[in-house]
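Lettering of chains follows the sequences in order, A, B, ..., and the numbering in each one begins at 1.
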Amino acid sequence: MNLSQLNEMQRKAVRTTEGPVLLLAGAGSGKTRVLTYRIAYLIESCGVDPWNILAITFTNKAAAEMRDRVDAAAGQQAGRVWVSTFHSACVRILRAYGSRIGYTSSFSIYDTDDQKACLREVCKRLEIDTKKLNEKTILREMSRAKDELMGPEEYAAAAGSDFRLKQIAGVYTEYENQLKKNNAMDFDDLICKTIELFSREPEVLESYQDRFRYIMVDEYQDTNTSQFRLISLLAGRYRNICVVGDDDQSIYRFRGANIYNILNFEKAYPGAAVIRLEQNYRSTQTILDAANAVIANNTERKPKKLWTENAKGDKVHLTVYADGRAEAGGVASQIQSLVRDGWTYNDIAILYRTNAQSRALEERFVVEGIPYRIFGGVNFYARREIKDVLAYLKAIDNPDDEQSVRRIINVPRRGIGDVTLDKISRYAAAGGSGLTFWAALKKAREIPGISARTAGKTEEFVSMMEFLADFASAHSVRDTVDMVVERSGYLIAAAENETKEEVESRKENLNELMTKAAAFDEENSPASLSGFLQEVSLVADIDQLDESAPTIAMMTLHSAKGLEFPCIFITGMEEGLFPSYMSIVSDDPKAVEEERRLCYVGITRAQKELFLSAAKCRMIRGETQYNKISRFLKEIPRELLALDDRSDSWDDPDLYERAAARQNRLAKQQEREEMTIGKRTGSRLLKLYGTPLKEPYHSSSVGVSFEKRLQDYRETQKPAASSRVKPEAAWTSGPAFGKDPSELTAFRKAADGPGYGTGDRVCHARFGEGTVKAVEDTPRDYMVTVDFDEAGTRKMMAGFAKLRKI
DNA sequence: GCCGCCAGTATTTTT
DNA sequence: TACTGGCGGC
């Protein structure tokens with residue numbers, strides 16, 4: 001096989017196929033390329049059956065990219081290589097063998113919300129006061145325990161006599177029981193239940209060990225203990241395990257990633273080959289120098305130094321703004337000038353520490369007409385209507401899933417409230433592990449304390465669900481989704497209580513879900529509902545990044561890992577924001593190191609141009625904060641930086657410090673005054689640093705009040721009134737609607753029919769022209785069946801469809 | 001059982 | 001600022 005396109009180290013990595021290999025791949029060093037070549041090399045030059053190769057990534061996106069590249073490099077055979085994320089690999093194994101540890105193949109997967117809901121139930125049952133023992137703490141502890149492969153018994157044993165820990169152990173035990181009863185697993189379970197399966201059923205493990213003779217793991221620095229264990233188990237027989245990672249890019253320790261997996265790989269696998277990829281092909285020399293300079297301040301890392309043969313390139317652009325609003329404006333104008341220079345919008349990405357920072361930028365971009373897309377924030381699958389409909393589907397597919405049944409039993413309102421649900425829940429719990437919530441629900445009439453009237457309602461619900469389950473067993477996933485929406489009356493109820501826009505956006509999202517269902521139907525035959533739900537549960541927003549869209553990309557620094565763009569902006573480089581307040585005040589001095597790695601990840605996303613910015617003050621959570629510039633900026637050698645002329649009074653490099661000192665004196669004085677009159681002083685942050693900048697820079701002086709000057713200043717900065725468009729408007733592109741009830745009248749059912757009848761030709765905004773096949777009279781609206789010329793036959797509510805007779 | 005108000009709370013989050 | 005959950009009134 002021709003490896004001439006690779007450098008020496010890369011070739012070595014490709015050719016070292018046998019035994020354990022640790023590949024330390026710096027940012028932009030072509031690790032995906034190496035992995036792809038390695039797979040192709042194994043197949044072509046070593047005669048390995050692709051069936052025997054497993055490549056594990058963390059994100060679906062990375063898996064898809066790897067899939068494409070392997071397909072391209074290794075030809076027809078490549079399809080048989082198993083390329084997958086940790087979680088979807090486990091789902092696949094558990095679907096096949098989960099019955100051995102007591103799950104059916106249609107087990108539900110619980111996301112954080114489901115987990116929380118379930119936990120709340122458990123706490124209620126155990127009469128645990130969640131004010132004293134906070135839910136988040138419990139979730140964090142349980143997740144940590146699972147990451148470390150501690151079951152409830154081990155956890156209880158380790159708790160010893162500590163009251164809180166013992167309490168948590170009790171909750172953990174009960175939570176596990178509940179999930180088991182629900183035939184459900186949370187994300188952590190997917191990994192540990194697979195391990196449990198392997199240890200309980202050695203022949204299952206052996207069959208996989210035998211299959212996966214060559215295993216590769218990407219982003220190894222982010223694996224946690226259980227993932228490491230899983231991989232070790234799989235590699236147990238052949239020990240051909242190649243892990244690829246960069247300890248400098250470990251940014252998920254807060255979620256349990258265990259950096260020692262990479263730092264101690266050589267101990268776990270004595271004799272492992274260690275290969276370093278240090279040549280960077282991505283960034284300019286200058287950008288790389290900046291990144292190296294920053295990361296050099298960390299102590300806990302494997303020593304390495306990235307180098308490049310790339311051109312020196314432009315200096316790193318640094319701009320310091322007066323406030324967050326000015327920053328948004330400055331970034332916008334920098335983007336416009338990049339576009340004038342010939343870059344396209346999709347060459348550009350903006351990275352920030354917290355999702356909340358996207359707001360200010362967004363508002364500005366709407367005004368300036370800069371097309372943008374935001375990744376992260378609310379995941380598509382986390383949107384309410386999507387979660388609701390998915391809960392219907394889960395409940396249909398796996399009625400034992402109490403969480404999903406509870407979620408939708410009263411959505412839309414069916415007069416089955418919490419009190420009834422609690423009675424059922426208690427009855428089920430009293431009936432032992434054999435009696436699930438669903439089984440109890442079916443017997444509601446026998447439960448003491450539930451009235452005949454209420455029982456009638458639950459029976460109606462049960463029969464609806466049974467109908468839907470029947471329907472699902474005989475129809476495609478797409479049609480099932482359609483039927484669920486219709487039969488549940490979901491949208492009809494939404495239309496009554498919500499604004500036009502809200503309903504429109506819900507409809508749009510549901511259409512999107514149907515598109516995804518249809519795609520799933522096409523790709524899988526037979527397409528099972530369980531399969532669809534399990535796939536959908538493992539999808540994150542960043543997976544949908546569409547590189548071809550002519551928009552700038554906006555995302556958190558975390559989401560940017562693994563991506564690259566010619567032009568990168570990192571905004572909000574201020575102490576307290578980045579590095580975050582939490583990391584600064586943390587008892588763990590290493591917390592800032594994780595932030596620094598995050599900074600390193602951010603900088604190394606850039607290929608050609610890097611723009612860094614800070615604002616002297618910004619609104620955070622409705623409160624204006626004055627922060628110092630980030631220590632990370634100071635770690636970049638001055639000669640690599642070019643101060644942008646948009647900067648707010650930065651003619652002298654030390655000005656900021658001197659100004660800060662002056663402000664500090666003023667602030668302290670003010671603080672003393674305030675203390676004497678007993679007023680609350682500054683935010684916690686200000687106290688922490690003792691250097692509050694109480695006023696904007698060039699406000700010279702005495703006389704006019706700070707507030708007044710700040711206000712004047714804001715007035716001059718304020719863009720046209722139209723900038724105050726709500727961000728959502730950017731998505732829906734249309735005038736914003738208020739909650740004026742008259743706007744809902746459009747949805748009220750017309751008394752004399754929808755204005756068209758069977759056989760009429762009609763036009764729909766999205767689906768085009770079609771012929772009306774049927775008009776059905778339902779209590780709230782007319783249900784119209786239209787055979788569209790292009791889009792096929794669809795059933796819709798007349799009130800929403802807004803069909804025009806032609 | 002439902003609805004609305006108020007108070008508390010707020011990093012990052014591949015799955 | 002913006003969302004969520006808990007609680008009290010109907």
Check whether any side-chain nitrogen or oxygen of Ser583(A) sits under 4.0 Å from OP1 or OP2 of dT11(B), and answer yes or no. no

Using a heavy-atom cut-off of 4.0 Å across all strands, would you classify Arg597(A) as base, sugar-phosphate, or nothing? nothing

Is Glu593(A) salt-bridged to Arg301(A), going by a charged N under 4.0 Å from an acidic O? no

If you look at every strand shown and take non-hydrogen atoms under 4.0 Å, does Phe86(A) touch a base, only sugar-phosphate, or nothing? nothing

Which atoms form the tightest heavy-atom contact between Asp188(A) and Ser143(A), and what is the distance? OD2-OG, 2.9 Å

Would you indicate, yes or no, if dC3(B) has its OP1 or OP2 atom less than 4.0 angstrom from a side-chain nitrogen or oxygen of Arg413(A)? yes

Could you check whether Asp147(A) and Thr225(A), counting side-chain N and O atoms only, form a donor-acceptor pair closer than 3.5 Å? no

Run the salt-bridge test on Glu594(A) and Arg253(A) with the 4.0 Å N-O cut-off and return the result as yes or no. yes

Assign each of Phe187(A) and Thr420(A) the nucleotide of DNA chain B bearing its closest heavy atom; nearer the 5' end lies the nucleotide of Thr420(A)

Whole-Å distance, Asp422(A) CG to dG1(B) C1', equals 13 Å

Rounded to whole Å, how long is the line connecting atom CZ of Arg618(A) with atom P of dA10(B)? 21 Å

Between dG1(B), dT14(B), dT13(B), which nucleotide has the shortest distance from any of its atoms to the side chain of Phe254(A)? dT13(B)

Are the ring of Tyr252(A) and the base ring of dT12(B) both nearer than 5.5 Å at their centres and tilted by less than 30°? no

Of the listed nucleotides dT14(B), dT11(B), dT13(B), the one nearest the side chain of Asn355(A): dT13(B)

Can a side chain N or O of Thr556(A) be found less than 4.0 Å away from OP1 or OP2 on dT13(B)? yes

Please report, rounded to the nearest Å, how far the P atom of dT13(B) is from the CD1 atom of Ile374(A). 13 Å

Measure distances between side-chain N and O atoms of Arg621(A) and base N and O atoms of dT1(C), and say whether any donor-acceptor pair falls under 3.5 Å. no

Atom pair distance, as rounded to whole Å: CG in Asp588(A) and C1' in dT11(B): 15 Å

Within this structure, what is the CD-to-C1' distance between Gln357(A) and dT12(B), rounded to whole angstrom? 11 Å

Closest nucleotide of DNA chain B for Arg414(A) versus for Glu595(A): which of these residues is on the 5' side? Arg414(A)

Specify the separation, in whole Å, of atom CD1 of Ile570(A) and atom P of dT12(B). 17 Å

Look at all strands and tell whether Asp222(A) reaches a base, only sugar-phosphate, or nothing, counting heavy atoms closer than 4.0 Å. base

Has Asn410(A) got a side-chain N or O lying under 4.0 Å from the OP1 or OP2 atom of dC2(B)? yes

Quick one: is dT13(B) close enough that its OP1 or OP2 comes under 4.0 Å of any side-chain N or O from Ser559(A)? yes

Roughly, in whole Å, what's the span from CZ in Arg596(A) to C1' in dT12(B)? 17 Å

Near Glu460(A) CD, under 6.0 Å, is it more than 12 heavy atoms from other residues, nucleotides or ligands? no

Protein-nucleotide distance (Lys136(A), atom NZ; dT4(C), atom C1'), rounded to Å: 11 Å

Lys/Arg N to Asp/Glu carboxylate O, Asp186(A) vs Lys193(A), below 4.0 Å: no

Nearest of dT14(B), dG5(C), dT11(B) to any side-chain atom of Arg120(A)? dG5(C)

Quick one: label Asp188(A) by what it contacts on the DNA or RNA (base, sugar-phosphate, nothing), any heavy atom closer than 4.0 Å. nothing

N/O (side chain, Arg253(A)) to phosphate O (OP1/OP2, dT12(B)) under 4.0 Å: no

